[in-house]
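One structure below.
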Amino acid sequence: MQSDTRADSGWGFVADHDSMATIIDTLLDLDPEETYTRSELADETGIALKTLHLMDDVDGVVDLGMLDKHHPEDEEVYYTVNADSPVLEAAREFERAVEANR
């Protein structure tokens, strides 16, 4: 993730990372029982795989606890949605609040 930016707020953190809002929006719809490779996350988000690698925003949502990263020995890294993440729950709450006020 871009280590040279230090947002003072959660909104600032999302704003500082170009694809973060798209990734979080996608995580809200992913099945926590499924596993996803970085390539599959790129497909799900509609963000080019190269962009995900360069921006490190997937690592950002791992750092926030929204995704769990699994790296079995001699296997491809994969991710699972952390259904117990307080940050992901806050994103769900925000989504519900916006929908209720439209």
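Here the structure is a predicted model, which is why all the values come from computation and not from measurement.
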Should [X] and [Y] count as an ion pair when the cut-off is N to O under 4.0 Å?
X	Y	value
D59	R38	yes
E95	R92	no
R102	E99	yes

Atom [atom1] of [X] and atom [atom2] of [Y]: how far apart are they, to the nearest 0.5 Å?
X	Y	atom1	atom2	answer
D84	D68	CG	CG	9.0 Å
D25	S19	CG	OG	12.5 Å
Y78	E34	OH	CD	12.0 Å
E76	H71	CD	NE2	9.5 Å

Single-linkage hydrophobic cluster [X]~[Y], side-chain heavy atoms < 4.5 angstrom:
X	Y	answer
L49	V77	no
V58	L64	yes
V14	L67	yes
I47	V62	yes

Any side-chain heavy atom of [X] sitting closer than 4.5 Å to one from [Y]?
X	Y	result
V61	L27	yes
I23	L52	yes
T80	K69	no
N82	L88	no
L30	Y36	yes

- Kindly say whether A97 contributes a backbone atom to a donor-acceptor pair with the side chain of N101 at under 3.5 angstrom? yes
- Query: If only atom types and distance count, is the side chain of T37 paired as donor or acceptor with the main-chain N or O of E40 below 3.5 Å?
  - Reply: yes
- Heavy-atom closest pair, residues S85 and G65: CB-O, 3.1 Å
- Note on the structure: Nearest heavy-atom contact between R96 and E93 is NH2-OE2, 2.6 Å
- Name the one of T45, L41, V81 that satisfies side-chain contact (heavy atoms from CB on, under 4.5 Å) with T26? T45
